[in-house]
Amino acid sequence: MTGRITRVLIVDDERASRRRLTKLLAGMPDIEVIGEAENGIAAVEMIERENPDVVLLDVQMPGLDGFEVVSELRGPRVPLIIFVTAYDQYALKAFELSAVDYLLKPVEVERLEKALAKARQLNALPSTADLALEQIHSLAAALGKDRPAYLQRVVGRRSNKLQIIPADTIQAFVTDRELVFAITAEGRLLVNHTLKELETRLDPENFVRVHKGTIVNLARVVEIEPMFKGGAVARLQCGSHVDISRRYAVSLREKMRW
């Protein structure tokens, strides 16, 4: 980013915080504020649409928090993230161990300039986006004492609109032509996760892999029909049917006692 304008997106649910950051950035000639988002869903949409260089991202927001926003980012070019947080000094140690930078509220101009300078240096390095995402996920794990152990909600996409879906209302996740969809009572929504990732991040007491292309919510299974060759077919509350392969049927029988 050296030698050119750095395009910055501000994400914070508090208007006063967004206004403060905008005012501070206005005094920096090499910075362009490309927009503001007041919640996580709007942030994901704007990042995908505007492709900023840097995102000043609030950690604690209703709906999707800052870490959940990052987990939705995919693609060949992910912006650098500078977290904006009101965490106490003890929790900030986790941020300091990461190359991903942070700003403590209320943000001071000197600290903001330092974080942006660091972002410029990082963005000049190869594979910065992949490294940054790894560090952010490690950071989220380090702060895990303040966060639920498993995914509580998932972002679904339908007709170019994003929707927050409570995890316990999702009846199954299925693959279709290498895409992953969440099946709900209202229909299918595209999700930005792989089945492998979902398998590790969903509560295993509720969500179980039953096929190489399917994870089901056991609480939403209303009927299982065994098949001749050792597999089975499960009917969900919404009426959809999903296959249970022979490979997974044995462990599922033990878990559900059928």
Side-chain angles (χ1 to χ4, degrees), residues 39-45 47-49 61-65 67-75 78 133 137 140 147-258:
N39 58 61
I41 287 290
V44 173
E45 292 175 336
I47 290 169
E48 293 179 348
R49 184 174 68 248
M61 296 185 292
L64 294 184
D65 65 23
F67 294 126
E68 290 172 316
V69 168
V70 172
S71 73
E72 292 297 320
L73 302 183
R74 297 289 189 277
V78 176
L133 283 176
H137 291 313
R147 296 169 54 77
Y150 301 108
L151 281 179
Q152 302 297 302
R153 47 191 172 255
V154 175
V155 175
R157 301 159 188 258
R158 179 189 290 141
S159 301
N160 296 321
K161 292 185 178 180
L162 304 184
Q163 178 181 335
I164 299 177
I165 319 167
D168 61 0
T169 68
I170 297 173
Q171 306 202 7
F173 293 94
V174 299
T175 57
D176 185 354
R177 298 179 184 179
E178 298 185 358
L179 299 176
V180 178
F181 293 86
I183 297 178
T184 71
E186 289 73 38
R188 299 200 321 174
L189 295 94
L190 179 66
V191 298
N192 208 5
H193 298 274
T194 65
L195 281 188
K196 182 178 180 180
E197 180 185 0
L198 288 167
E199 192 174 14
T200 61
R201 299 187 63 195
L202 292 165
D203 186 349
E205 289 299 313
N206 298 323
F207 289 90
V208 176
R209 190 77 168 256
V210 298
H211 189 276
K212 66 179 181 179
T214 308
I215 294 174
V216 299
N217 182 349
L218 296 181
R220 304 291 176 171
V221 175
V222 296
E223 183 178 88
I224 296 177
E225 180 182 356
M227 304 300 288
F228 176 72
K229 294 185 178 181
V233 174
R235 181 167 63 87
L236 307 176
Q237 287 179 349
C238 63
S240 296
H241 291 78
V242 295
D243 291 332
I244 302 171
S245 70
R246 182 172 58 182
R247 173 185 173 187
Y248 293 97
V250 174
S251 59
L252 188 62
R253 285 192 191 96
E254 294 175 355
K255 195 174 188 68
M256 298 192 71
R257 302 182 184 280
W258 58 277

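This one's a predicted model, so the numbers in the text were calculated from it and none came from an experiment. Any value given below was found using the heavy atoms of this structure, including those in side chains, with hydrogens, waters and symmetry copies removed.
- Taking CZ of Phe67 as the start and CE of Met61 as the end, the distance is 10.5 Å to the nearest 0.5 Å.
- The minimum heavy-atom distance between His211 and Arg209, with the atom names listed, is O-NE, 2.9 Å.
- Taken from CZ in Phe181 to CZ in Arg158, the straight-line distance is 10.5 Å, to the nearest 0.5 Å.
- Using modelled atom types, no side-chain atom of Arg220 and backbone atom of Ile170 make a donor-acceptor pair closer than 3.5 Å.
- Screening Ile183, Thr184, Val222 for a side-chain contact (heavy atoms from CB on, under 4.5 Å) involving Cys238 leaves a single residue, Ile183.
- Note that the CD atom of Gln163 and the CD atom of Glu186 stand 7.5 Å from one another [nearest 0.5 Å].
- Side chain of His241 to main chain of Gly239: a donor-acceptor pair is present (N/O by atom type, distance under 3.5 Å, no hydrogens or angles).
- Taking a 6.0 Å sphere around CE of Met227, one finds it holds 12 or fewer heavy atoms contributed by other residues, nucleotides or ligands.
- Partner of Val180 under the side-chain contact (heavy atoms from CB on, under 4.5 Å) criterion, chosen from Leu190, Leu195, Val174, Leu189: Leu195.
- Ile164 pairs with exactly one of Asn39, Ile41, Val154 by the side-chain contact (heavy atoms from CB on, under 4.5 Å) rule, that one being Ile41.
- Ion pairing between Arg49 and Glu45 fails under the 4.0 Å rule for side-chain N and carboxylate O.
- With rounding to the nearest 0.5 angstrom, the OG1 atom of Thr194 is 12.5 Å from the CD atom of Glu178.
- In this structure, Arg246 places its CZ atom where only 12 or fewer heavy-atom neighbours from other residues, nucleotides or ligands lie under 6.0 Å away.
- At most 12 heavy atoms of other shown residues, nucleotides or ligands fall within 6.0 angstrom of atom NZ in Lys212.
- Although no hydrogens or angles enter the test, the distance criterion places no donor-acceptor pair under 3.5 Å between the side chain of Glu72 and the main chain of Val69.
- At most 12 heavy atoms of other shown residues, nucleotides or ligands fall within 6.0 angstrom of atom CZ in Arg247.
- Remark: side-chain polar atoms of Glu199 are not paired, donor with acceptor, to backbone N or O of Ile215 under 3.5 angstrom.
- Between atom CG of residue Asp203 and atom CD of residue Gln152 there is a gap of 8.5 Å, rounded to the nearest 0.5 Å.
- The CD atom of Glu68 lies 7.5 Å from the CG atom of Leu151; values are rounded to the nearest 0.5 Å.
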